[in-house]
J.: 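Got a structure for you, questions after.
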Amino acid sequence: MSDNAGIKILICQGTGGISAGAKQVEAEFTRLIAEKGIVAQVGKRCDVVKTGCRGLCANDVLVDVITPELGRVTYDFVVPEDVAAILDQHIVNNEVIEKKKAKAYYNTFVDQQMRVVMTGCGQIDPERLDAFLEEDGFKAIEKCVKEMKPSEVIDEVKKSGLRGRGGGGFPTGMKWSFCAASPGNHKYLICNADEGDPGAFMDRSILEGDPYCVIEGMMIAAYAIGCDAGYVYVRAEYPLAIDRLQKALDTCYEKGYLGKNIQGWGFDFDMRIKKGAGAFVCGEETALMASIEGERGMPRPRPPFPAVKGLWGFPTNINNVETFANVRHIINKGSDWYSSLGTDTTKGTKIFAVTGKVKHTGLVEVPAGMSVRDVIYQVCGGIANNRKFKAVQAGGPSGGCIPAEVLDTPVDYDSLIKAGAMMGSGGLVVMDETTCMVDVARFFLSFTKMESCGKCVPCRIGLKAMLDILERITEGRGEMEDIDTLLEMGATIKKASLCGLGQTAPNPILSTVKYFRHEYEAHILEKRCPSNSCKELLLWQVVPEKCVKCGACLRACPSNAIKWEKGEVAFLVKENCTKCKSCYDACRFMAIE
Amino acid sequence: MSNAPAEEIPAEEIDLTEANEVIDKYLTLPGNLMPVLQGIQEAYGYVPKPTIDLVAERLNVYPSQIYGVLTFYAQFHLKPRGRFIIRVCVGTACHVQGAERITETFFGRLGIGHAETTADLRYTFEKVACLGACGMAPLAMVNDDTFGKMTVQKVDEIIETYNARPMK
């Protein structure tokens, strides 16, 4: 050991970090450290394994340097060229490079959050059972089995006020009590990790970062309900989550935390993973069960409810990953503690995946009831590129758009529904003035149309017909009565569809018509897209009055269609233009339309 | 669900040893059809026709049910796939950050559309719903390599890089 012992360099290597060049940064550190003969440990702070680190992947590559003298300092936007300076100044001369240090917003981003479910993510090694045990792992299930009757566990969850985090928000304790009350000795427990919502990735992060907490949550539920077998239904698109979870399950079997007579407590529970195969509708519980049975994942009408007749005809209880991840904290810290967080109707915390045109995209966990405005402006730093906020889309394809007027809506189940959106899985996609709301509605509908299983007519044919209308409008061929037709069809599809997919699919349209009707009208009456987004309606020209002569469009153009000289207004050569919109996105002054 | 005409399945001779091994592994598991088909796809890169007949026979299910499952889920493929699978995320975050121009540029440069493979079997192109790295939107992947903050220029760089890679 030399006197440099205790130096640690941690490099973010999540999917975001790697695509920003973390591997090259790590290689440069390793190379220079060897060259200079410094004794230091170079590691991955959050590798692909430990996503959900601190969630600020937009500023990758993030590097933490920990030395005995200076403690932990975080640098952001590190590129290989910075490495030499960090080594010389920071590590050799003990001087923080203020210029490269992550600015105050980094601490704001971290401090404004409240981590309950994600405490383990990025902190513990998901591959080591010991790491989980050190964090009171499996203490909650032990307490349940040794000190509580199953009905007491259910009561505790009921009292905590926990509601299903998959989106519907049904009280979890109540759901458990239905299945527990069903007759029969053989019952199934399912964890829904299908998470097909574009723009949401918290379930993946939990499974990758802290798989044992989901297993423990399921064990507690199994004990409370009386289930002896469980499935985790994971999207096949999440190979890493599947891999981590499988390793965790294997370890649990090996160490006697799963199987017969767990730890000698007289409690049996078996678990296995079921891989999905890429169908959004399989997030719906009856479709999910059909998929586990090896069929096409098509939903069936309810009743009978899964709690009575579910997987292979046995009583079945289904909860989402985030719901299960909450359970151990409720048992460990008590329902009183849990219900003290959040609002009257929504208890605890909620993880949001904040993405889109916001400064600091990422996963944030906040107490329920924080306003949408605070999530976007306080935690995530506001809108990128100094543009104007237009709307935030909450709840994925089943949700709706919240405009600036109702930004102070608290993030809880009921307030969001009142505002015309929903909590859904917790995706928040922020949109600025360059996003066309008609196009967004079209986007979501094309997604739900494609993912419709086709079993029921309103969803299969209705969504197609609505999409045709929306496409016509975005191409400038809409008529005024189209808006009424959309509203009418939307209401019918919501009422008549078989499952949640169809019942919520019209939401993005209904909410955008409600709040952004003028954009629909501009497309139809003036054949103009107010956000300059719909390709067919764009003129493709530079507006001289708005152009600030910066040349950003020239640098973005891949097809040599921009003519620009320093100090001159840019000019767009239409013959060369491929309408790729690169220049439009690069222009911060809305000077291209 | 799509209105596309049914895919034509080429007749072929293949070695069924691996398929048999996969079936052996899951033979007694309830609901084994999907894991079997997933295992076969993993082994062959797609689900060849002879394996479908084999599965029907050994698991005692109708071929029509197998085709029902294969065509319902997005991840099953009935045709050989390219050496490099290009995936462009068209999730919400990527969409608002301009994923469309990335997909269209790929279409233009490669001459293939969504879920198609180039004639030389070098590239298969896919639009996918969400890759879960929304912070780096718009996002593209080639096999396991991730490319964040995509631009039209980067499309050309990517194609150049992978054109230079060997096929095996």
Side-chain angles (χ1 to χ4, degrees), chain A residues 14-16 18-20 55-58 60 196-201 204-205 236-238 274-280 291-298 312 353 355-357 361-362 393 396-397 427 429-431 435 440 443-444 447 450-454 460 556 558-559 578 580-582 585, chain B residues 1-3 29-38 41 59 61 65 68-76 87 89-102 104-105 108 128-137 139-141 144-156:
Chain A
T15 313
I18 289 173
S19 62
L56 196 56
C57 301
D60 275 327
D197 266 24
F201 47 101
R204 187 198 67 166
S205 297
E237 287 92 334
Y238 289 170
K274 186 82 183 184
K275 271 199 274 178
F280 178 66
S291 182
I292 293 182
E293 291 170 8
E295 311 275 330
R296 305 177 82 157
M298 286 184 166
W312 283 303
T355 56
K357 312 248 172 163
T361 54
Q393 213 281 348
V429 183
V430 179
M431 298 162 185
T435 316
V440 166
F443 166 76
F444 280 112
F447 178 80
M450 205 155 74
E451 294 292 342
S452 167
C453 81
R460 181 180 68 231
S559 55
T578 58
C580 74
K581 271 175 77 177
S582 296
D585 282 348
Chain B
M1 293 287 285
S2 82
N3 298 324
L29 181 81
N32 52 7
L33 184 54
M34 269 180 45
V36 163
L37 295 174
Q38 283 167 334
Q41 172 145 304
L59 298 188
V61 285
Q65 194 193 338
V69 168
L70 287 174
T71 51
F72 183 83
Y73 295 100
Q75 283 190 340
F76 290 118
R87 293 191 175 92
C89 179
V90 292
T92 322
C94 290
H95 178 78
V96 299
Q97 302 276 33
E100 202 177 327
R101 69 163 178 273
I102 309 298
E104 280 177 11
T105 313
V128 290
C130 191
L131 292 168
C134 310
M136 300 303 283
L139 198 82
M141 271 181 97
D144 293 329
D145 303 334
T146 316
F147 301 91
K149 304 216 163 123
M150 281 294 292
T151 59
V152 171
Q153 282 98 328
K154 275 197 194 172
V155 170
D156 291 325

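Note that the structure is a prediction, hence the values are computed from the model and not measured. Numbered from 1 within each chain, the chains take letters A, B, ... in sequence-line order.
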J.: Where does B/Thr151 contact chain A at under 4.5 Å (heavy atoms): side chain, backbone, both or neither?
T.: neither

J.: Does any N or O in the side chain of A/Lys274 come within less than 3.5 Å of the main-chain N or O of B/Gly31, such that one atom is a donor and the other an acceptor?
T.: yes

J.: I need the minimum non-hydrogen distance between A/Ala279 and B/Tyr73, along with the two atoms involved.
T.: CB-CD2, 3.7 Å

J.: Side chain, backbone, both or neither: which part of A/Ala556 has an atom under 4.5 Å from a heavy atom of chain B?
T.: backbone

J.: Which heavy-atom pair separates A/Gly294 from B/Val69 by the least distance, and what is that distance?
T.: O-CG2, 3.7 Å

J.: Between chain A and each of B/Met141, B/Gln97, B/Glu100, B/Arg101, count heavy-atom pairs under 4.5 Å; write down the option with the most.
T.: B/Arg101

J.: Once you round to the nearest 0.5 Å, how far does CD of A/Glu295 lie from CG of B/Leu33?
T.: 8.0 Å

J.: What heavy-atom pair brings B/Val152 and A/Pro558 nearest, and what distance separates the two atoms?
T.: CG1-CG, 3.3 Å

J.: For a quick test of reading the model, state the closest non-hydrogen atom pair linking A/Ala277 to B/Gln38 and the distance between them.
T.: CB-NE2, 3.8 Å

J.: Please classify the contact between B/Leu29 and chain A as side chain, backbone, both or neither, with a heavy-atom cut-off of under 4.5 Å.
T.: side chain

J.: Does any N or O in the side chain of A/Glu293 come within less than 3.5 Å of the main-chain N or O of B/Pro30, such that one atom is a donor and the other an acceptor?
T.: no

J.: Among A/Phe443, A/Phe447, A/Phe444, which residue satisfies the side chain to side chain contact (heavy atoms under 4.5 Å, CB included) criterion with B/His95?
T.: A/Phe443

J.: Using a cut-off of under 4.5 Å on heavy-atom pairs, state which of A/Gly396, A/Pro397, A/Ala353, A/Ser291 scores highest against chain B.
T.: A/Ser291

J.: Which heavy atom of A/Val430 sits nearest to which heavy atom of B/Val96, and what is that distance?
T.: O-CG2, 4.5 Å

J.: Taking every non-hydrogen pair under 4.5 Å, which of A/Gly356, A/Gly297, A/Gly276 racks up the most with chain B?
T.: A/Gly297

